[in-house]
Amino acid sequence: SAVISQKPSRDICQRGTSLTIQCQVDSQVTMMFWYRQQPGQSLTLIATANQGSEATYESGFVIDKFPISRPNLTFSTLTVSNMSPEDSSIYLCSAEALGQGAYEQYFGPGTRLTVT
Amino acid sequence: AQTVTQSQPEMSVQEAETVTLSCTYDTSENNYYLFWYKQPPSRQMILVIRQEAYKQQNATENRFSVNFQKAAKSFSLKISDSQLGDTAMYFCALTTRFGNEKLTFGTGTRLTIIP
């Protein structure tokens with residue numbers, strides 16, 4: 001299994017600024033994922049981050065807007081750049097780790113971002 | 001591409017009763033994995049139950065069980081003896097391969113357990 005923490009848990013930011021969200025896993029994992037979730041809505045995958053290679057972005061998300069770092073097997077960051085109110089959302093980090101006999105995806109508690 | 005559909009946006013049930021949440025999916029793969037995740041108001045997403053498509057036996061986990069109908073591409077979650085702590089958003093999800101593969105999520109069902 002894996003325990004995932006995220007920092008910050010919430011933030012209020014001004015438009016035009018950037019915020020970096022940190023995701024820490026308590027064990028080494030190969031794949032990490034970043035999602036965006038509007039309150040009460042489903043999860044939308046932003047990108048997949050594999051250690052040692054460039055992140056793979058989903059349609060509608062670009063590296064200039066959401067740069068991701070994955071410096072080692074337990075840590076990743078997501079930056080939300082040049083923020084606008086439309087970026088207000090919950091950002092979730094997840095990681096794939098071996099659970100009970102199979103790989104499972106574990107999630108962090110999320111970062112609630114409000115852009116004013 | 002795969003899709004996951006949850007047709008019940010909201011459900012409510014009395015405490016101690018049984019409730020079934022529906023999920024249908026579509027994929028062209030023969031081997032895949034299905035999941036139910038729970039997201040309480042605190043928002044930490046928790047894995048409830050997992051089903052491998054190649055297994056005919058329905059997965060069970062204490063009060064949680066699934067009805068997996070592969071031919072119909074249906075994957076419902078049954079919660080028995082429901083408890084107040086079961087109040088949460090429930091998401092059905094699909095992946096075509098374990099290891100290095102993303103999840104496709106449904107839109108979720110908001111379940112409320114009434115005391």
Side-chain angles (χ1 to χ4, degrees), chain A residues 1-6 8-10 23 28-53 55-59 61 68 70 73 89-113, chain B residues 1-10 21 23 25 31-55 57 59-62 64 87-112:
Chain A
S1 66
V3 177
I4 300 177
S5 59
Q6 283 184 238
S9 59
R10 58 177 62 222
C23 179
Q28 293 185 338
V29 295
T30 302
M31 300 301 293
M32 295 181 72
F33 305 86
W34 287 98
Y35 292 87
R36 186 167 71 182
Q37 183 184 30
Q38 296 293 337
Q41 303 295 316
S42 188
L43 285 72
T44 301
L45 181 65
I46 297 171
T48 302
N50 194 359
Q51 195 272 333
S53 62
T56 302
Y57 288 82
E58 296 298 303
S59 176
F61 297 97
I68 289 171
R70 182 77 201 277
L73 290 173
S89 190
I90 298 166
Y91 292 85
L92 291 159
C93 165
S94 74
E96 203 167 56
L98 195 59
Q100 296 180 353
Y103 281 97
E104 297 174 359
Q105 208 168 112
Y106 298 86
F107 286 81
T111 296
R112 183 182 290 270
L113 171 62
Chain B
Q2 50 251 21
T3 60
V4 176
T5 302
Q6 294 178 249
S7 58
Q8 304 155 313
E10 293 188 24
L21 309 182
C23 173
Y25 61 91
N31 293 321
Y32 50 89
Y33 306 85
L34 294 158
F35 308 86
W36 279 99
Y37 280 89
K38 169 185 177 181
Q39 189 177 40
S42 65
R43 87 172 170 260
Q44 182 94 45
M45 191 84 81
I46 303 164
L47 178 64
V48 174
I49 200 164
R50 178 186 72 235
Q51 175 79 42
E52 292 88 342
Y54 63 85
K55 290 187 177 179
Q57 186 174 8
T60 62
E61 195 72 41
N62 300 317
F64 299 89
T87 292
M89 282 286 284
Y90 286 82
F91 293 98
C92 180
L94 163 74
T95 187
T96 55
R97 184 170 68 90
F98 260 137
N100 304 340
E101 189 59 54
K102 62 184 180 183
L103 288 169
T104 300
F105 284 90
T107 51
T109 297
R110 181 179 302 279
L111 176 65
T112 302

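Labels below follow one simple rule: chain letters A, B, ... track the order of the sequence lines, proteins then strands, and each chain is numbered from 1.
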inquiry  = At a 4.5 Å cut-off on heavy atoms, which part of B/Met89 comes close to chain A: side chain, backbone, both, or neither?
reply    = side chain

query = Looking only at heavy atoms, which two atoms of A/Gly108 and B/Gln44 are closest? And how far apart?
reply = C-NE2, 3.4 Å

request  = Check whether any side-chain heavy atom of A/Gln105 lies under 4.5 Å from a side-chain heavy atom of B/Thr95, and answer yes or no.
outcome  = no

message = Tell me every residue that passes ring-ring contact (aromatic ring centres under 6.0 Å, His included) with A/Phe107, counting only those two or more places apart in sequence or in another chain.
response = A/Tyr35, B/Tyr37

request  = Tell me, please, which residues at least two apart from A/Ser42 pass side chain to side chain contact (heavy atoms under 4.5 Å, CB included).
outcome  = B/Phe91, B/Phe105

request  = Heavy-atom distances under 4.5 Å only: say whether B/Gln39 touches chain A with side chain, backbone, both or neither.
outcome  = side chain

Most chain A-contacting option - heavy-atom pairs closer than 4.5 Å, from B/Leu47, B/Thr104, B/Leu103 = B/Leu103

